[in-house]
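No experiment lies behind these values; they were computed from the predicted model shown. For ligands, and for the atoms within them, numbers begin at 1 and follow the listed sequence.
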Amino acid sequence: MEPKSARRKVVIVGGVAGGASCAARLRRLDENAEILMVEKGPYVSYANCGLPYHVGGVIEKEASLLVATADTFRLQFNVDVRTNCEAIRISPESKTIELRNVESGEARSESYDTLVLSPGAPSVRPPLPGIDLPGIFQVRTVPDARAIREWIERGSLFLSGMDKYSGFQTLKPKTRAVVIGGGFIGLETAENLVHRGFDVTLVEMLDQVLAPLDVDMARIVEDYVERHGIRLALNDGVAGFQQAADGSLEVLTKSGKTHLADIVILALGVRPDTALAKAAGLEIGQRGGIRVDEQMRTSNPDIFAVGDAVEVRDFVTGEWSLIALAGPANRQGRIAADVIAGRNSRFRGTQGTSIIGLFGAAAAWVGASEKTLRRLGASDYEKIYLYPNSHAGYYPGARPIAMKVLFRKSDGRFLGAQAIGEDGVDKRISALAIALQMGATIYDLEEAELCYAPQFGSAKDPVNFAGMVAADIVRGDMPISHWDAAEDGFLLDVREPVELAVESVPGAVNIPLGQLRARLSELPRDREILIICRSGQRAYYATRALLQLGFKARTLAGGTLSRYHSHVLVN
Ligand SMILES: Cc1cc2nc3c(=O)[nH]c(=O)nc-3n(C[C@H](O)[C@H](O)[C@H](O)COP(=O)(O)OP(=O)(O)OC[C@H]3O[C@@H](n4cnc5c(N)ncnc54)[C@H](O)[C@@H]3O)c2cc1C
């Protein structure tokens, strides 16, 4: 047994994603360390990602959300866990931390050799008039989800179950929910409230949902969720809340509208919890998160910080960024433990790899969006749109995936991707995420060898397909253009006339691909010809033919599908 003096004491603040990962990993690396994990809430290591689904009843039992209990940590990892215990002050000079029992108010001080902060990012709660009215909730903790479920069940108490009795048929009253905020948590909760029979309105200040997506891709999501019952009120911020005479709520917006509600969910985003860190004099970064180095060390070498509370480097742009995601929080907790135990682990930076499921579809993305590249003034990039099938079209169940892929024109470096569809979105973005982290180019995507059988993919997987289309552009085989530049050229539509009956492009000359070589005399030789089809594939074939025949030709990227981008998913 090592002497007592060699025993390191590590105090971890926050017992969920980052904190719990750190505690468990540290124990696996250092059997001798004294580990104290304090959590101000009643639970450690709970699945906050599952909360919207508990609200919706998909995850029926609250206990299913409790991934590991305080006892698991005590018994399996010999970690001293204190729940309902809030860290209220750090004294870096004396290396002590003051803790307060939330229930009794009793305070006590603990010394530490190393401190790890993983306090997360609380939900934004602006001081709007009426925000504390009953019936207004947030979805962040297990007690929050419980309160929502109780409110919903109490709301229909006198009718609940009656409709099941024979001989007494009654309709449950349609209840109205207003969700404020069109990010992950807002949309997930809105979907779950639709499943519970609510008439749901989602109010969002921006002119799109899911802010990390480019607006053209967000339109696909918006169209899809509207068709599944969520009413979107975009471009409108919430101004306040009032109680109506019948006890229900009125949500007042900045544009002067009033939305009636029986329940309101606030999902206005999160803000890093830096209160303890600030008071302890730790450096706070330009994005408002705790500044850490690659080893998760703060400006004080004895204090580490991980998870939603820190800001980290964006892997693609190099910018500092705030990423509130469970994957990075877990990995950072593990890295901090490694470093505390003397290992040389480093966080590689974030790519923002994300996914959200909505009514059976998924939207996912990784790396830089076009709006980020534009904000940074980048001009050396190109974008493509493609709509490959999720698996071989001849095998039942194939669904289109709408993809947008961004890459550097000068060297083909892959920069980011966004995908939306009802099948196979997750694995494509996951494959692209690892490619991005390895610094892949579009040529690497062309050559990626991915698993294939007809029910899973295609011999040319959407990932390969993206690489091939992008590489065709960079190699000069397929010059492209986009709709915003389409007015300057001669528009040639190579679709079949029957397709034009559904959607035509004003001003375009229609020569179906099969007739093109016989009707070359109808095409100008002195003007650039912009070629349109439905998704870009036939336009590419036409572009290749015309280029080789001496014409100036370009493919309109993504064809008519990328023109408005709303009705891409037809279900
Ligand atoms: C509803 C919801 C759904 C989500 N869905 C997803 C998803 O699908 N995918 C995904 O990647 N991410 C998702 N996230 C985000 C993910 O849960 C977070 O990124 C992750 O939990 C962050 O880990 P963390 O350790 O930094 O903070 P948290 O997991 O939030 O833990 C911080 C803990 O610290 C405690 N604490 C704070 N201050 C103190 C103090 N002074 N003393 C003691 N304890 C303190 C808090 O009570 C809290 O329990 C979701 C989050 C929510 C709320």
**Student:** What atoms in ligand 1 come closer than 4.0 Å to a heavy atom of Val16?
**Tutor:** 28 (P), 29 (O), 31 (O), 49 (O)
**Student:** Which pairs, with at least one residue in residues 314-334 and sequence neighbours excluded, count as a salt bridge (charged side-chain N to carboxylate O under 4.0 Å, His left out)?
**Tutor:** Glu319-Arg375
**Student:** Backbone N or O of Ile284 within a donor-acceptor pair of the Lys278 side chain at under 3.5 Å?
**Tutor:** no
**Student:** Provide, to 0.1 Å, the distance between atom 51 (C) of ligand 1 and the closest protein heavy atom, together with that atom's residue and name.
**Tutor:** Ile185 CD1, 4.0 Å
**Student:** Considering non-hydrogen atoms of the protein only, which is the closest contact for atom 15 (C) of ligand 1, and what is the distance?
**Tutor:** Ala324 O, 3.7 Å
**Student:** Geometry only, no angles: is Ala87 polar-contacting ligand 1 at N/O separations under 3.5 Å?
**Tutor:** yes
**Student:** Compare Ser118, Cys85, Gly327 and give the one whose heavy atom is closest to atom 32 (C) of ligand 1.
**Tutor:** Ser118
**Student:** Indicate yes or no: does Lys9 engage Glu110 in a salt bridge with an N to O separation below 4.0 Å.
**Tutor:** yes
**Student:** For the rings on Phe198 and Trp151, is their centre-to-centre separation under 6.0 Å?
**Tutor:** no
**Student:** Just to confirm my output: which protein heavy-atom neighbour is closest to atom 37 (C) of ligand 1, and how far is it?
**Tutor:** Pro119 O, 3.3 Å
**Student:** N/O of Arg140 under 3.5 Å from N/O of ligand 1, yes or no?
**Tutor:** yes
**Student:** What is the closest protein heavy atom to atom 16 (C) of ligand 1, and at what distance does it sit?
**Tutor:** Ala326 N, 3.8 Å
**Student:** Which ring pair (Phe, Tyr, Trp, His ring centres under 6.0 Å) pairs, counting each pair once, include a residue from residues 68-99, with sequence neighbours left out?
**Tutor:** Phe73-Phe77
**Student:** Is it true that a side-chain atom of Glu422 and a backbone atom of Arg399 form a donor plus acceptor pair closer than 3.5 Å?
**Tutor:** no
**Student:** When you measure from atom 33 (C) of ligand 1 to every protein heavy atom, which one gives the shortest distance, and what is it?
**Tutor:** Glu39 OE1, 3.4 Å
**Student:** Short list, please: which atoms of ligand 1 are under 4.0 Å from a heavy atom of Leu276?
**Tutor:** 41 (N)
**Student:** Which residue supplies the protein heavy atom nearest to atom 27 (O) of ligand 1, what is that atom called, and how far is it?
**Tutor:** Gly120 CA, 3.2 Å
**Student:** Given 3.5 Å as the limit, does a donor-acceptor pair link the side chain of Glu311 with the main chain of Gly288, or not?
**Tutor:** yes
**Student:** Is it the case that Asn344 and Gln295 place a side-chain donor and acceptor less than 3.5 Å from each other?
**Tutor:** yes
**Student:** Considering only heavy atoms of Ala329, which atoms of ligand 1 have at least one such atom less than 4.0 Å away?
**Tutor:** 22 (C), 23 (O)
**Student:** Which heavy atom of the protein is the closest neighbour of atom 45 (C) of ligand 1, given with residue, atom name and distance?
**Tutor:** Lys40 CG, 3.8 Å
**Student:** I need the nearest protein heavy-atom contact for atom 9 (N) of ligand 1: residue, atom name and distance, please.
**Tutor:** Cys49 SG, 3.9 Å
**Student:** Say whether Asn192 and Thr189, considering side chains only, have a donor N or O and an acceptor N or O under 3.5 Å apart.
**Tutor:** no
**Student:** Which atoms of ligand 1 sit under 4.0 Å from any heavy atom of Val139?
**Tutor:** 1 (C), 53 (C)
**Student:** Salt bridge or not between Arg100 and Glu98? Use side-chain N to carboxylate O under 4.0 Å.
**Tutor:** no
**Student:** Give the atom numbers and elements of ligand 1 that come within less than 4.0 Å of a heavy atom of Val38.
**Tutor:** 43 (C), 44 (N)
**Student:** At a 4.0 Å threshold, what atoms of ligand 1 neighbour a non-hydrogen atom of Gly307?
**Tutor:** 26 (O)
**Student:** Answer side chain, backbone, both or neither: which part of Asp308 comes under 4.0 Å from ligand 1, heavy atoms only.
**Tutor:** both
**Student:** Distance under 4.0 Å to a non-hydrogen atom of Gly18: what atoms of ligand 1 satisfy this?
**Tutor:** 23 (O), 24 (P), 25 (O)
**Student:** Does Val13 approach ligand 1 within less than 4.0 angstrom via side chain, backbone, both or neither, non-hydrogen atoms only?
**Tutor:** side chain
**Student:** Classify the side-chain pair Asp262/Thr175 by whether it contains a donor and acceptor separated by less than 3.5 Å.
**Tutor:** no
**Student:** Does the side chain of Gln138 come under 3.5 Å of the side chain of Arg125 through a donor N or O and an acceptor N or O?
**Tutor:** no
